[in-house]
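Just follow the structure's listing: the first ligand is 1, and inside any ligand the first atom is 1.
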Amino acid sequence: METMVAEAIYDVAIVGSGPGGYTAAFRGAELGLKVALIEKADVLGGTCLHVGCIPTKALLFNAEIWDHLQHAAEFGIGGFGTPALDWTAVQARKNGIVTKHTKGLDFLVKKHKVARIQGYARLTGPAVDGVHTVDVTAPGGEVSQVKAKNVILASGSEAKMLPGLQADDKILTNIEILALGQAPKSLVVIGAGAVGVEFGSIFRTFGAEVSIVEFLPRIVPVEDEEISKELTRLFKKRGIDVNTGAKVETVEKTETGIKVTFTDSNGKTQVKEAEKVLVAVGRAPRTRDLGLEKTKVELARGFGKVDGAQETAGPGAFAIGDIVAGLPQLAHVGAMSGMVAVAKIAGAKYRPVRKDRIPGCTYCEPQIGSVGLTEAQAREKGYEVKVGKFPFAGNSKATILGDHDGFVKIVSDAKYGEILGVHIIGPQATELIAEAVAVLELEGTVEEMMYTIHAHPTLTESLLDAYGAVQGMAINA
Ligand SMILES: Cc1cc2nc3c(=O)[nH]c(=O)nc-3n(C[C@H](O)[C@H](O)[C@H](O)COP(=O)(O)OP(=O)(O)OC[C@H]3O[C@@H](n4cnc5c(N)ncnc54)[C@H](O)[C@@H]3O)c2cc1C
(Lines give C-alpha, C1' and ligand atoms only; values in the text may rest on other atoms or scores of the structure.)
Protein backbone atom coordinates (compact mmCIF):
# COMPACT_ATOMS: atom_id res chain seq x y z
CA MET A 1 0.00 0.00 0.00
CA GLU A 2 2.80 2.44 0.94
CA THR A 3 4.49 1.83 -2.42
CA MET A 4 1.30 2.57 -4.32
CA VAL A 5 0.64 5.78 -2.38
CA ALA A 6 4.23 7.03 -2.49
CA GLU A 7 5.03 6.38 -6.13
CA ALA A 8 1.81 7.01 -8.01
CA ILE A 9 1.07 10.45 -9.36
CA TYR A 10 -2.67 10.63 -9.65
CA ASP A 11 -4.51 12.85 -12.08
CA VAL A 12 -6.64 13.94 -9.17
CA ALA A 13 -6.66 13.44 -5.40
CA ILE A 14 -10.03 14.07 -3.80
CA VAL A 15 -10.28 15.04 -0.13
CA GLY A 16 -13.56 13.76 1.33
CA SER A 17 -15.97 11.07 0.19
CA GLY A 18 -19.38 12.71 0.63
CA PRO A 19 -21.69 13.11 -2.37
CA GLY A 20 -19.31 15.74 -3.74
CA GLY A 21 -16.17 13.63 -3.38
CA TYR A 22 -17.48 10.22 -4.42
CA THR A 23 -19.35 11.63 -7.43
CA ALA A 24 -16.20 13.42 -8.57
CA ALA A 25 -14.22 10.20 -8.08
CA PHE A 26 -16.56 8.00 -10.11
CA ARG A 27 -17.11 10.52 -12.90
CA GLY A 28 -13.37 11.22 -12.96
CA ALA A 29 -12.72 7.51 -13.45
CA GLU A 30 -15.38 7.37 -16.18
CA LEU A 31 -13.53 10.19 -17.92
CA GLY A 32 -10.31 8.16 -17.81
CA LEU A 33 -8.62 9.92 -14.87
CA LYS A 34 -6.44 8.12 -12.34
CA VAL A 35 -8.20 8.99 -9.09
CA ALA A 36 -7.32 8.82 -5.38
CA LEU A 37 -10.16 9.28 -2.87
CA ILE A 38 -8.97 10.24 0.62
CA GLU A 39 -11.42 9.90 3.51
CA LYS A 40 -10.70 10.26 7.21
CA ALA A 41 -13.63 8.13 8.31
CA ASP A 42 -13.69 4.35 7.96
CA VAL A 43 -16.81 4.59 5.80
CA LEU A 44 -17.50 6.42 2.56
CA GLY A 45 -20.52 8.66 2.03
CA GLY A 46 -20.01 11.72 4.25
CA THR A 47 -22.73 13.69 6.03
CA CYS A 48 -25.35 12.91 3.40
CA LEU A 49 -25.26 9.14 3.77
CA HIS A 50 -24.46 8.80 7.47
CA VAL A 51 -25.98 11.77 9.32
CA GLY A 52 -27.86 13.79 6.70
CA CYS A 53 -30.11 13.24 3.71
CA ILE A 54 -30.50 9.47 3.78
CA PRO A 55 -31.16 8.72 7.48
CA THR A 56 -33.48 11.75 7.85
CA LYS A 57 -35.50 10.80 4.79
CA ALA A 58 -35.71 7.23 6.07
CA LEU A 59 -37.24 8.53 9.32
CA LEU A 60 -39.54 10.85 7.39
CA PHE A 61 -40.90 7.90 5.49
CA ASN A 62 -41.63 6.11 8.78
CA ALA A 63 -43.43 9.28 9.85
CA GLU A 64 -45.42 9.28 6.60
CA ILE A 65 -46.53 5.69 7.13
CA TRP A 66 -47.48 6.50 10.73
CA ASP A 67 -49.55 9.45 9.47
CA HIS A 68 -51.32 7.23 6.93
CA LEU A 69 -52.12 4.68 9.62
CA GLN A 70 -53.75 7.37 11.76
CA HIS A 71 -56.15 7.99 8.87
CA ALA A 72 -56.50 4.39 7.68
CA ALA A 73 -60.15 4.17 8.72
CA GLU A 74 -60.94 7.08 6.38
CA PHE A 75 -59.72 4.86 3.54
CA GLY A 76 -61.83 1.94 4.74
CA ILE A 77 -58.90 0.03 6.21
CA GLY A 78 -59.14 -1.13 9.79
CA GLY A 79 -58.31 -3.98 12.13
CA PHE A 80 -54.93 -2.68 13.28
CA GLY A 81 -55.74 -1.87 16.89
CA THR A 82 -53.78 1.10 18.13
CA PRO A 83 -50.60 1.70 16.10
CA ALA A 84 -47.51 1.56 18.32
CA LEU A 85 -44.08 2.89 17.54
CA ASP A 86 -41.19 0.42 17.85
CA TRP A 87 -38.33 2.92 17.94
CA THR A 88 -35.66 0.21 17.92
CA ALA A 89 -37.10 -1.19 14.69
CA VAL A 90 -37.36 2.32 13.22
CA GLN A 91 -33.67 2.89 13.97
CA ALA A 92 -32.71 -0.55 12.67
CA ARG A 93 -34.45 0.07 9.34
CA LYS A 94 -32.77 3.46 9.00
CA ASN A 95 -29.37 1.98 9.84
CA GLY A 96 -29.97 -0.86 7.38
CA ILE A 97 -30.54 1.63 4.57
CA VAL A 98 -27.33 3.49 5.44
CA THR A 99 -25.34 0.23 5.58
CA LYS A 100 -26.72 -0.94 2.23
CA HIS A 101 -25.64 2.27 0.52
CA THR A 102 -22.28 2.32 2.29
CA LYS A 103 -21.62 -1.12 0.80
CA GLY A 104 -22.81 0.22 -2.54
CA LEU A 105 -20.09 2.89 -2.41
CA ASP A 106 -17.45 0.28 -1.45
CA PHE A 107 -18.48 -1.66 -4.54
CA LEU A 108 -18.43 1.38 -6.83
CA VAL A 109 -14.96 2.45 -5.66
CA LYS A 110 -13.65 -0.96 -6.71
CA LYS A 111 -15.66 -0.99 -9.92
CA HIS A 112 -14.22 2.38 -10.96
CA LYS A 113 -10.71 1.37 -9.85
CA VAL A 114 -10.46 4.42 -7.61
CA ALA A 115 -7.60 4.24 -5.08
CA ARG A 116 -9.21 4.50 -1.66
CA ILE A 117 -6.98 5.94 1.05
CA GLN A 118 -8.04 6.26 4.66
CA GLY A 119 -6.65 9.20 6.58
CA TYR A 120 -6.84 12.90 7.31
CA ALA A 121 -5.61 14.99 4.36
CA ARG A 122 -3.76 18.31 4.44
CA LEU A 123 -2.26 20.16 1.49
CA THR A 124 1.44 20.85 1.89
CA GLY A 125 1.44 23.94 -0.34
CA PRO A 126 0.79 24.91 -3.95
CA ALA A 127 1.65 22.53 -6.79
CA VAL A 128 5.36 22.16 -7.50
CA ASP A 129 6.10 21.52 -11.18
CA GLY A 130 2.39 20.84 -11.65
CA VAL A 131 2.18 18.25 -8.85
CA HIS A 132 0.34 18.74 -5.55
CA THR A 133 1.48 16.90 -2.45
CA VAL A 134 -1.09 15.96 0.15
CA ASP A 135 -0.06 14.72 3.61
CA VAL A 136 -2.35 11.95 4.77
CA THR A 137 -2.41 11.01 8.44
CA ALA A 138 -3.72 7.47 8.81
CA PRO A 139 -5.94 6.56 11.79
CA GLY A 140 -2.87 5.04 13.49
CA GLY A 141 -0.95 8.34 13.20
CA GLU A 142 1.51 7.45 10.44
CA VAL A 143 1.81 10.09 7.71
CA SER A 144 2.15 9.28 4.02
CA GLN A 145 2.08 11.50 0.97
CA VAL A 146 -0.26 11.42 -1.99
CA LYS A 147 0.87 13.17 -5.17
CA ALA A 148 -1.56 14.38 -7.80
CA LYS A 149 -1.73 16.80 -10.70
CA ASN A 150 -4.98 18.19 -9.30
CA VAL A 151 -6.71 18.20 -5.94
CA ILE A 152 -10.40 18.49 -5.25
CA LEU A 153 -11.36 19.66 -1.79
CA ALA A 154 -14.66 18.09 -0.76
CA SER A 155 -14.36 18.15 3.02
CA GLY A 156 -17.98 19.15 3.64
CA SER A 157 -19.44 20.87 6.67
CA GLU A 158 -20.43 20.38 10.28
CA ALA A 159 -23.26 21.68 12.44
CA LYS A 160 -22.69 25.09 14.00
CA MET A 161 -23.24 25.28 17.75
CA LEU A 162 -24.57 28.23 19.71
CA PRO A 163 -21.77 29.97 21.66
CA GLY A 164 -20.99 28.25 24.95
CA LEU A 165 -22.92 25.07 24.17
CA GLN A 166 -21.68 21.59 23.43
CA ALA A 167 -23.60 18.72 21.91
CA ASP A 168 -24.50 15.92 24.36
CA ASP A 169 -27.50 13.72 25.15
CA LYS A 170 -29.85 16.71 25.66
CA ILE A 171 -28.36 19.35 23.38
CA LEU A 172 -28.42 17.75 19.96
CA THR A 173 -27.10 18.33 16.47
CA ASN A 174 -28.08 16.25 13.45
CA ILE A 175 -25.62 13.59 14.62
CA GLU A 176 -27.03 12.96 18.11
CA ILE A 177 -30.69 13.32 17.13
CA LEU A 178 -30.33 10.55 14.54
CA ALA A 179 -29.00 8.14 17.15
CA LEU A 180 -31.54 8.68 19.94
CA GLY A 181 -32.45 5.57 21.92
CA GLN A 182 -36.05 6.77 22.16
CA ALA A 183 -38.22 9.29 20.35
CA PRO A 184 -38.39 12.41 22.59
CA LYS A 185 -41.77 13.41 24.03
CA SER A 186 -40.90 17.08 23.64
CA LEU A 187 -38.39 18.95 21.53
CA VAL A 188 -37.31 22.55 21.02
CA VAL A 189 -35.79 23.16 17.60
CA ILE A 190 -33.55 26.22 17.28
CA GLY A 191 -33.34 27.23 13.62
CA ALA A 192 -36.03 26.72 10.99
CA GLY A 193 -34.05 25.92 7.86
CA ALA A 194 -34.54 22.58 6.13
CA VAL A 195 -32.80 20.53 8.85
CA GLY A 196 -34.80 22.13 11.69
CA VAL A 197 -38.23 21.87 10.11
CA GLU A 198 -37.63 18.29 8.94
CA PHE A 199 -36.73 17.02 12.43
CA GLY A 200 -39.55 19.10 13.95
CA SER A 201 -41.96 17.53 11.49
CA ILE A 202 -40.74 13.95 12.10
CA PHE A 203 -41.01 14.10 15.89
CA ARG A 204 -44.33 15.95 15.84
CA THR A 205 -45.75 13.12 13.75
CA PHE A 206 -44.48 10.64 16.35
CA GLY A 207 -46.37 12.60 19.00
CA ALA A 208 -43.76 14.96 20.48
CA GLU A 209 -44.61 18.49 21.62
CA VAL A 210 -42.47 20.56 19.24
CA SER A 211 -41.50 24.23 19.49
CA ILE A 212 -39.56 25.91 16.73
CA VAL A 213 -37.54 29.02 17.57
CA GLU A 214 -36.24 30.99 14.58
CA PHE A 215 -34.26 34.24 14.67
CA LEU A 216 -35.39 35.45 11.23
CA PRO A 217 -38.93 36.77 10.61
CA ARG A 218 -40.05 33.53 8.91
CA ILE A 219 -39.43 29.80 8.84
CA VAL A 220 -37.70 28.25 5.78
CA PRO A 221 -36.34 31.74 5.12
CA VAL A 222 -34.73 30.94 1.76
CA GLU A 223 -38.10 30.02 0.27
CA ASP A 224 -40.68 32.31 -1.38
CA GLU A 225 -42.52 34.25 1.33
CA GLU A 226 -45.84 32.63 0.53
CA ILE A 227 -44.30 29.20 1.06
CA SER A 228 -43.08 30.21 4.53
CA LYS A 229 -46.54 31.54 5.34
CA GLU A 230 -48.26 28.35 4.21
CA LEU A 231 -45.81 26.11 6.09
CA THR A 232 -46.34 28.18 9.24
CA ARG A 233 -50.11 27.82 8.87
CA LEU A 234 -49.93 24.07 8.30
CA PHE A 235 -47.35 23.47 11.06
CA LYS A 236 -49.57 25.37 13.49
CA LYS A 237 -52.52 23.25 12.35
CA ARG A 238 -50.41 20.19 13.20
CA GLY A 239 -49.86 21.60 16.69
CA ILE A 240 -46.27 22.75 16.17
CA ASP A 241 -45.46 25.87 18.16
CA VAL A 242 -43.77 28.29 15.72
CA ASN A 243 -41.80 31.29 17.04
CA THR A 244 -40.16 33.62 14.53
CA GLY A 245 -38.18 36.83 15.06
CA ALA A 246 -37.07 35.10 18.26
CA LYS A 247 -33.63 35.59 19.78
CA VAL A 248 -32.36 32.74 21.93
CA GLU A 249 -30.87 34.11 25.15
CA THR A 250 -29.95 30.95 27.06
CA VAL A 251 -30.13 27.20 26.78
CA GLU A 252 -29.92 25.53 30.19
CA LYS A 253 -30.02 21.94 31.26
CA THR A 254 -32.62 20.94 33.83
CA GLU A 255 -33.09 17.67 35.69
CA THR A 256 -35.58 16.43 33.13
CA GLY A 257 -34.27 18.06 29.99
CA ILE A 258 -33.57 21.56 28.79
CA LYS A 259 -34.90 25.08 29.14
CA VAL A 260 -34.64 27.55 26.27
CA THR A 261 -35.16 31.22 27.05
CA PHE A 262 -35.68 33.61 24.17
CA THR A 263 -36.89 37.12 23.43
CA ASP A 264 -39.90 36.91 21.14
CA SER A 265 -40.79 39.23 18.26
CA ASN A 266 -42.66 41.52 20.69
CA GLY A 267 -39.62 41.87 22.92
CA LYS A 268 -41.10 39.61 25.61
CA THR A 269 -39.07 36.91 27.36
CA GLN A 270 -40.37 33.41 26.75
CA VAL A 271 -39.29 30.07 28.14
CA LYS A 272 -39.77 26.66 26.54
CA GLU A 273 -38.92 23.47 28.38
CA ALA A 274 -38.49 20.12 26.68
CA GLU A 275 -36.68 16.79 26.90
CA LYS A 276 -34.24 17.76 24.18
CA VAL A 277 -33.14 20.74 22.12
CA LEU A 278 -31.97 20.46 18.52
CA VAL A 279 -29.56 23.16 17.44
CA ALA A 280 -29.98 23.58 13.69
CA VAL A 281 -28.53 27.04 13.09
CA GLY A 282 -26.53 26.31 9.95
CA ARG A 283 -23.43 24.42 8.88
CA ALA A 284 -19.83 25.59 8.95
CA PRO A 285 -17.46 24.64 6.11
CA ARG A 286 -14.59 22.31 7.09
CA THR A 287 -11.73 24.35 5.66
CA ARG A 288 -9.78 25.20 8.79
CA ASP A 289 -7.27 22.38 9.04
CA LEU A 290 -6.62 21.49 5.40
CA GLY A 291 -3.29 23.31 5.02
CA LEU A 292 -4.96 25.92 2.82
CA GLU A 293 -3.00 28.78 4.37
CA LYS A 294 0.05 27.42 2.54
CA THR A 295 -1.76 27.54 -0.81
CA LYS A 296 -3.31 30.21 -3.01
CA VAL A 297 -6.83 28.99 -2.22
CA GLU A 298 -8.92 32.00 -1.18
CA LEU A 299 -11.63 31.82 1.44
CA ALA A 300 -14.65 34.02 2.07
CA ARG A 301 -15.86 33.58 5.67
CA GLY A 302 -14.38 30.08 5.58
CA PHE A 303 -15.94 29.08 2.23
CA GLY A 304 -13.76 28.35 -0.81
CA LYS A 305 -13.95 30.88 -3.65
CA VAL A 306 -14.15 29.18 -7.05
CA ASP A 307 -14.69 29.96 -10.73
CA GLY A 308 -17.24 28.35 -13.04
CA ALA A 309 -15.13 25.18 -13.22
CA GLN A 310 -14.96 24.97 -9.40
CA GLU A 311 -11.27 25.89 -9.54
CA THR A 312 -9.90 28.02 -6.71
CA ALA A 313 -7.28 30.76 -7.05
CA GLY A 314 -4.69 27.99 -6.62
CA PRO A 315 -4.15 26.44 -10.07
CA GLY A 316 -5.16 22.76 -10.07
CA ALA A 317 -6.89 23.07 -6.69
CA PHE A 318 -10.67 22.74 -6.88
CA ALA A 319 -13.40 23.02 -4.25
CA ILE A 320 -16.82 21.38 -4.39
CA GLY A 321 -19.85 20.75 -2.21
CA ASP A 322 -20.62 22.30 1.16
CA ILE A 323 -17.34 24.24 1.39
CA VAL A 324 -18.01 26.34 -1.72
CA ALA A 325 -18.83 30.04 -1.35
CA GLY A 326 -22.11 31.20 -2.89
CA LEU A 327 -23.77 27.82 -3.46
CA PRO A 328 -26.41 26.19 -1.27
CA GLN A 329 -25.21 23.30 0.93
CA LEU A 330 -27.07 20.47 -0.76
CA ALA A 331 -26.00 16.97 -1.76
CA HIS A 332 -26.98 17.39 -5.42
CA VAL A 333 -24.96 20.62 -5.59
CA GLY A 334 -21.96 18.74 -4.20
CA ALA A 335 -22.43 15.99 -6.75
CA MET A 336 -22.87 18.31 -9.74
CA SER A 337 -20.00 20.59 -8.73
CA GLY A 338 -17.84 17.43 -8.52
CA MET A 339 -18.84 16.42 -12.03
CA VAL A 340 -17.96 19.91 -13.29
CA ALA A 341 -14.52 19.88 -11.62
CA VAL A 342 -13.43 16.50 -13.01
CA ALA A 343 -14.75 17.38 -16.48
CA LYS A 344 -12.54 20.49 -16.42
CA ILE A 345 -9.58 18.40 -15.24
CA ALA A 346 -10.16 15.79 -17.96
CA GLY A 347 -10.56 18.45 -20.65
CA ALA A 348 -14.16 17.35 -21.24
CA LYS A 349 -17.18 19.59 -21.81
CA TYR A 350 -18.98 20.94 -18.75
CA ARG A 351 -21.47 23.58 -17.77
CA PRO A 352 -20.96 25.69 -14.63
CA VAL A 353 -23.41 25.12 -11.78
CA ARG A 354 -26.06 27.84 -11.95
CA LYS A 355 -27.45 28.91 -8.62
CA ASP A 356 -30.85 29.75 -10.11
CA ARG A 357 -31.26 26.22 -11.51
CA ILE A 358 -30.80 24.30 -8.27
CA PRO A 359 -33.85 22.60 -6.80
CA GLY A 360 -34.32 23.02 -3.07
CA CYS A 361 -36.32 20.29 -1.38
CA THR A 362 -37.53 20.20 2.20
CA TYR A 363 -39.03 16.86 3.18
CA CYS A 364 -41.20 17.98 6.07
CA GLU A 365 -44.96 17.46 6.10
CA PRO A 366 -46.12 19.19 3.92
CA GLN A 367 -43.17 18.94 1.55
CA ILE A 368 -41.57 21.89 -0.22
CA GLY A 369 -39.90 21.87 -3.64
CA SER A 370 -38.66 25.02 -5.31
CA VAL A 371 -36.35 26.21 -8.06
CA GLY A 372 -35.33 29.55 -9.53
CA LEU A 373 -36.27 33.02 -8.38
CA THR A 374 -38.77 33.78 -5.65
CA GLU A 375 -41.31 36.47 -6.47
CA ALA A 376 -39.37 39.02 -4.40
CA GLN A 377 -36.04 38.10 -6.03
CA ALA A 378 -37.56 38.41 -9.52
CA ARG A 379 -38.89 41.88 -8.69
CA GLU A 380 -35.54 42.91 -7.19
CA LYS A 381 -33.87 41.88 -10.43
CA GLY A 382 -36.15 44.28 -12.28
CA TYR A 383 -38.46 41.79 -14.00
CA GLU A 384 -42.03 42.72 -14.64
CA VAL A 385 -43.39 39.73 -12.78
CA LYS A 386 -46.52 37.72 -13.50
CA VAL A 387 -47.51 35.10 -10.94
CA GLY A 388 -49.82 32.12 -11.24
CA LYS A 389 -50.98 30.10 -8.25
CA PHE A 390 -52.97 26.90 -8.12
CA PRO A 391 -54.12 25.18 -4.92
CA PHE A 392 -53.90 21.39 -4.55
CA ALA A 393 -57.54 21.63 -3.44
CA GLY A 394 -58.45 21.74 -7.16
CA ASN A 395 -56.36 18.69 -8.14
CA SER A 396 -58.16 15.36 -8.42
CA LYS A 397 -55.14 13.20 -7.55
CA ALA A 398 -54.66 15.23 -4.37
CA THR A 399 -58.26 14.38 -3.47
CA ILE A 400 -57.56 10.70 -4.11
CA LEU A 401 -54.55 10.92 -1.79
CA GLY A 402 -56.59 12.83 0.78
CA ASP A 403 -53.91 15.51 0.77
CA HIS A 404 -55.27 18.88 -0.23
CA ASP A 405 -53.02 21.36 1.53
CA GLY A 406 -50.64 23.65 -0.31
CA PHE A 407 -50.23 25.10 -3.77
CA VAL A 408 -48.03 25.52 -6.83
CA LYS A 409 -46.77 29.03 -7.55
CA ILE A 410 -45.24 30.07 -10.86
CA VAL A 411 -43.12 33.23 -11.09
CA SER A 412 -42.78 34.37 -14.70
CA ASP A 413 -41.50 37.30 -16.70
CA ALA A 414 -44.48 39.24 -18.09
CA LYS A 415 -42.62 40.38 -21.20
CA TYR A 416 -41.55 37.06 -22.73
CA GLY A 417 -43.47 34.65 -20.55
CA GLU A 418 -40.25 32.93 -19.41
CA ILE A 419 -40.69 30.88 -16.26
CA LEU A 420 -38.28 32.27 -13.67
CA GLY A 421 -39.22 30.28 -10.58
CA VAL A 422 -41.52 27.51 -9.40
CA HIS A 423 -42.48 27.08 -5.74
CA ILE A 424 -44.47 24.09 -4.55
CA ILE A 425 -45.74 23.22 -1.09
CA GLY A 426 -47.89 20.14 -0.75
CA PRO A 427 -48.06 16.43 -1.64
CA GLN A 428 -44.95 15.04 -3.37
CA ALA A 429 -43.58 18.57 -3.89
CA THR A 430 -40.03 17.19 -3.73
CA GLU A 431 -40.76 14.92 -6.73
CA LEU A 432 -42.93 17.40 -8.66
CA ILE A 433 -40.19 20.01 -8.71
CA ALA A 434 -38.17 17.93 -11.21
CA GLU A 435 -40.44 19.09 -14.04
CA ALA A 436 -39.85 22.71 -13.09
CA VAL A 437 -36.06 22.26 -13.01
CA ALA A 438 -36.17 20.94 -16.59
CA VAL A 439 -38.45 23.81 -17.64
CA LEU A 440 -36.03 26.39 -16.25
CA GLU A 441 -33.01 24.60 -17.75
CA LEU A 442 -34.72 24.72 -21.17
CA GLU A 443 -35.87 28.31 -20.65
CA GLY A 444 -39.49 27.28 -21.08
CA THR A 445 -42.31 29.80 -21.28
CA VAL A 446 -45.73 29.83 -19.70
CA GLU A 447 -47.38 29.36 -23.08
CA GLU A 448 -45.20 26.37 -23.99
CA MET A 449 -46.01 24.73 -20.66
CA MET A 450 -49.75 25.52 -20.97
CA TYR A 451 -49.73 23.34 -24.10
CA THR A 452 -47.56 20.58 -22.62
CA ILE A 453 -49.80 17.59 -21.96
CA HIS A 454 -49.79 16.38 -18.36
CA ALA A 455 -51.29 12.94 -17.63
CA HIS A 456 -54.58 12.70 -15.75
CA PRO A 457 -55.14 12.18 -12.89
CA THR A 458 -51.74 13.21 -11.55
CA LEU A 459 -50.35 15.74 -9.14
CA THR A 460 -48.34 17.17 -12.07
CA GLU A 461 -51.61 18.57 -13.44
CA SER A 462 -51.40 21.10 -10.61
CA LEU A 463 -48.37 22.50 -12.47
CA LEU A 464 -50.38 22.64 -15.70
CA ASP A 465 -53.12 24.55 -13.91
CA ALA A 466 -50.58 26.86 -12.28
CA TYR A 467 -49.05 27.73 -15.69
CA GLY A 468 -52.59 28.48 -16.85
CA ALA A 469 -53.20 30.58 -13.75
CA VAL A 470 -50.42 32.96 -14.85
CA GLN A 471 -52.76 33.92 -17.73
CA GLY A 472 -55.84 33.80 -15.49
CA MET A 473 -56.79 30.55 -17.22
CA ALA A 474 -56.51 27.68 -14.73
CA ILE A 475 -59.08 25.04 -15.63
CA ASN A 476 -59.73 23.58 -12.20
CA ALA A 477 -59.90 26.65 -9.99
C1 LIG B 1 -29.71 16.46 8.82
C2 LIG B 1 -29.33 16.81 7.42
C3 LIG B 1 -30.19 16.49 6.38
C4 LIG B 1 -29.85 16.80 5.08
N5 LIG B 1 -30.73 16.49 4.09
C6 LIG B 1 -30.42 16.81 2.81
C7 LIG B 1 -31.31 16.46 1.76
O8 LIG B 1 -32.36 15.87 1.98
N9 LIG B 1 -30.97 16.79 0.50
C10 LIG B 1 -29.79 17.45 0.22
O11 LIG B 1 -29.53 17.73 -0.94
N12 LIG B 1 -28.92 17.78 1.20
C13 LIG B 1 -29.21 17.47 2.49
N14 LIG B 1 -28.32 17.77 3.48
C15 LIG B 1 -27.04 18.41 3.11
C16 LIG B 1 -26.05 17.38 2.60
O17 LIG B 1 -25.88 16.38 3.56
C18 LIG B 1 -24.74 18.05 2.26
O19 LIG B 1 -24.98 19.11 1.37
C20 LIG B 1 -23.76 17.09 1.62
O21 LIG B 1 -23.49 15.99 2.45
C22 LIG B 1 -22.46 17.81 1.28
O23 LIG B 1 -21.62 16.95 0.60
P24 LIG B 1 -20.05 17.14 0.60
O25 LIG B 1 -19.52 16.06 -0.27
O26 LIG B 1 -19.70 18.54 0.30
O27 LIG B 1 -19.57 16.92 2.12
P28 LIG B 1 -19.90 15.82 3.22
O29 LIG B 1 -21.04 14.98 2.89
O30 LIG B 1 -19.91 16.57 4.52
O31 LIG B 1 -18.61 14.89 3.18
C32 LIG B 1 -17.35 15.36 3.50
C33 LIG B 1 -16.44 14.19 3.79
O34 LIG B 1 -15.11 14.65 3.90
C35 LIG B 1 -14.45 13.99 4.95
N36 LIG B 1 -13.33 14.85 5.36
C37 LIG B 1 -13.41 16.10 5.87
N38 LIG B 1 -12.18 16.61 6.05
C39 LIG B 1 -11.31 15.67 5.63
C40 LIG B 1 -9.89 15.62 5.55
N41 LIG B 1 -9.13 16.66 5.90
N42 LIG B 1 -9.33 14.48 5.09
C43 LIG B 1 -10.08 13.43 4.71
N44 LIG B 1 -11.42 13.43 4.75
C45 LIG B 1 -12.04 14.55 5.20
C46 LIG B 1 -15.54 13.81 5.99
O47 LIG B 1 -15.21 12.75 6.89
C48 LIG B 1 -16.74 13.48 5.11
O49 LIG B 1 -16.87 12.10 4.90
C50 LIG B 1 -28.62 17.44 4.80
C51 LIG B 1 -27.73 17.75 5.84
C52 LIG B 1 -28.08 17.43 7.14
C53 LIG B 1 -27.11 17.75 8.23
When you look at CZ of Arg93, are more than 12 heavy atoms from neighbouring residues, nucleotides or ligands closer to it than 6.0 Å?
no
Taking atom CZ as the centre, does Arg351 end up with more than 12 heavy-atom neighbours from other residues, nucleotides or ligands that are less than 6.0 angstrom away?
no
Name the option, out of Gly18, Ser155, Pro19, that contains the heavy atom nearest to atom 20 (C) of ligand 1.
Pro19
Nearest non-hydrogen atom to atom 51 (C) of ligand 1 belongs to which of Gly119, Gly291, Gly52?
Gly52
Is there a heavy atom in [X] that sits closer than 4.0 Å to ligand 1?
X: Arg283; value: yes
X: Val51; value: yes
X: Ala331; value: yes
X: Gly338; value: no

Counting only N and O atoms by type, is there a donor-acceptor contact under 3.5 Å from the side chain of Ser228 to the main-chain atoms of Val220?
yes
Just to be sure I read this right, does ligand 1 sit under 4.0 Å from the backbone of [X], its side chain, both, or neither, counting only heavy atoms?
X: Cys361; answer: neither
X: Cys53; answer: both
X: Asn174; answer: side chain

For atom 30 (O) of ligand 1, the closest protein heavy atom turns out to be Thr47 OG1, 2.7 Å
Please find out if less than 6.0 Å separates the ring center of Phe392 from that of His404.
no
In this structure, CE of Met339 is separated from CD1 of Ile320 (nearest 0.5 Å) by 10.0 Å
